[in-house]
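Heads up, the thing below is written out as structure tokens.
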Amino acid sequence: MRYKLVCFDVDGTLIDELTYIWDIIHKGIGIDKLIVAKAMERFYNGEITSREWAEHDINLWVERGVTKGDLIDLVKKLKLMEGAMETLLELKRRGYKLAVISGGLDTVLNYFIPDAERLFDHIMINRLFFGMNGKITGIEPTEFGADGYKAEGLEKIALKEGIRLDECVFVGDSDNDIEVARKAGLGIGFNPHEKLSKACDIVVKKKDLREVLKYID
Ligand SMILES: [Mg+2]
């Protein structure tokens, strides 16, 4: 086997019908777009850290008393990517380590893949906390959700596994996957946005995750 670990993005890769889950929830609960855009801009300008950015956005939900049930109602209309479970189980059967590096939310990943914690050897994602009444109380933000930082995340995972970056495969769809797709030994763009497709070794243009299996040896 040339590769030893396969790492997936979540939003738009393992889960279909979305680009960024944060946008869906902000929109679904009626958060002012400008407030959200301003925080994002401050992060990309280096004025706030990724933790501060995540905490800022999550506070908008906490203030409104958003519950786990509200989140699930909003994500119900999305679906697990076609062929996702078959692909993950087949890679596992072949002996690859599996990982997730995402700027999304654990609640959403676990809704679509209830046994995610067992299936994946490494999960880097934002983790939400809920109170007794189901209300969101806070977040443990991932440091590795944004472009550039995802590449750092993969480096960290490779180091833990004692493997090289060129033994890692990364599968993603969006602009925040560019650097990590470049750093991985094999970068697969899965129905990728235009900028990402230029950074990838392989581009898959079919909404079926099983399509990636033939490139992973
Ligand atoms: Mg994505």
Side-chain angles (χ1 to χ4, degrees), residues 5-28 36-37 39-40 43-44 50 53-54 57-58 71 74-85 87-88 91 98-113 116 119-120 122-128 139 141-155 157 168-184 186-212 215-216:
L5 178 138
V6 186
C7 182
F8 293 86
D9 163 57
V10 174
D11 296 8
T13 302
L14 290 177
I15 303 175
D16 199 0
E17 312 288 347
L18 88 156
T19 303
Y20 298 117
I21 191 69
W22 292 86
D23 292 342
I24 295 214
I25 297 170
H26 285 321
K27 198 174 164 204
V36 173
M40 183 189 291
F43 168 69
Y44 282 106
S50 61
W53 181 24
D57 278 21
I58 218 70
L71 296 188
L74 288 169
V75 302
K76 261 185 195 160
K77 58 186 176 228
L78 312 173
K79 59 186 183 68
L80 190 63
M81 188 60 67
E82 184 75 33
M85 281 320 294
T87 304
L88 295 170
L91 290 170
L98 296 179
V100 152
I101 303 180
S102 166
L105 303 169
D106 65 339
T107 313
V108 180
L109 177 64
N110 293 330
Y111 175 73
F112 286 100
I113 307 182
L119 192 58
F120 293 100
H122 303 270
I123 298 181
M124 291 176 162
I125 197 165
N126 294 297
R127 295 179 189 272
L128 292 181
I139 186 169
T142 174
E143 293 169 59
F144 307 106
D147 191 22
Y149 299 91
K150 280 196 176 192
E152 272 181 40
L154 188 63
E155 279 169 5
I157 290 171
C168 299
V169 178
F170 185 83
V171 187
D173 72 308
S174 193
D175 293 352
N176 62 345
D177 300 317
I178 293 173
E179 204 176 319
V180 64
R182 280 205 186 105
K183 282 256 169 92
L186 183 68
I188 302 179
F190 185 71
N191 301 292
H193 297 189
E194 199 190 330
K195 268 199 246 165
L196 174 64
S197 64
K198 288 175 190 147
C200 287
D201 304 296
I202 306 274
V203 170
V204 170
K205 284 189 180 165
K206 191 177 172 190
K207 285 275 189 86
D208 187 330
L209 209 56
R210 286 168 288 201
E211 290 291 310
V212 307
Y215 302 109
I216 301 171

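Note that ligands are numbered from 1 as they come in the structure, with each ligand's atoms numbered from 1 the same way.
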Main-chain N/O of H193 paired to D173 side chain as donor or acceptor, under 3.5 Å: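 No; judged by distance alone, with no hydrogens or angles, the pair does not exist.
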Count the heavy atoms of every other residue, nucleotide or ligand shown that sit under 6.0 Å from [atom1] of [X], and state whether that count exceeds 12.
X: K195; atom1: NZ; answer: no
X: Y20; atom1: OH; answer: yes
X: K79; atom1: NZ; answer: yes

Listing residue and atom name, which protein N/O/S atoms are closer to the Mg ion (ligand 1) than 2.8 Å?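 Within the sphere that stays under 2.8 Å of the Mg ion (ligand 1), the protein atoms of type N, O or S are D9 OD2, D11 O, D173 OD1.
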Applying side chain to side chain donor-acceptor pair (under 3.5 Å), name anything that partners D11, two or more places apart in sequence or on another chain.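 If we apply the side chain to side chain donor-acceptor pair (under 3.5 Å) test to D11, skipping adjacent residues, there are no hits.
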Would you call the rings of W53 and F43 parallel, tilted or perpendicular, taking 30° and 60° as the class edges?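 Judged by the thresholds at 30° and 60°, the geometry between W53 and F43 is parallel.
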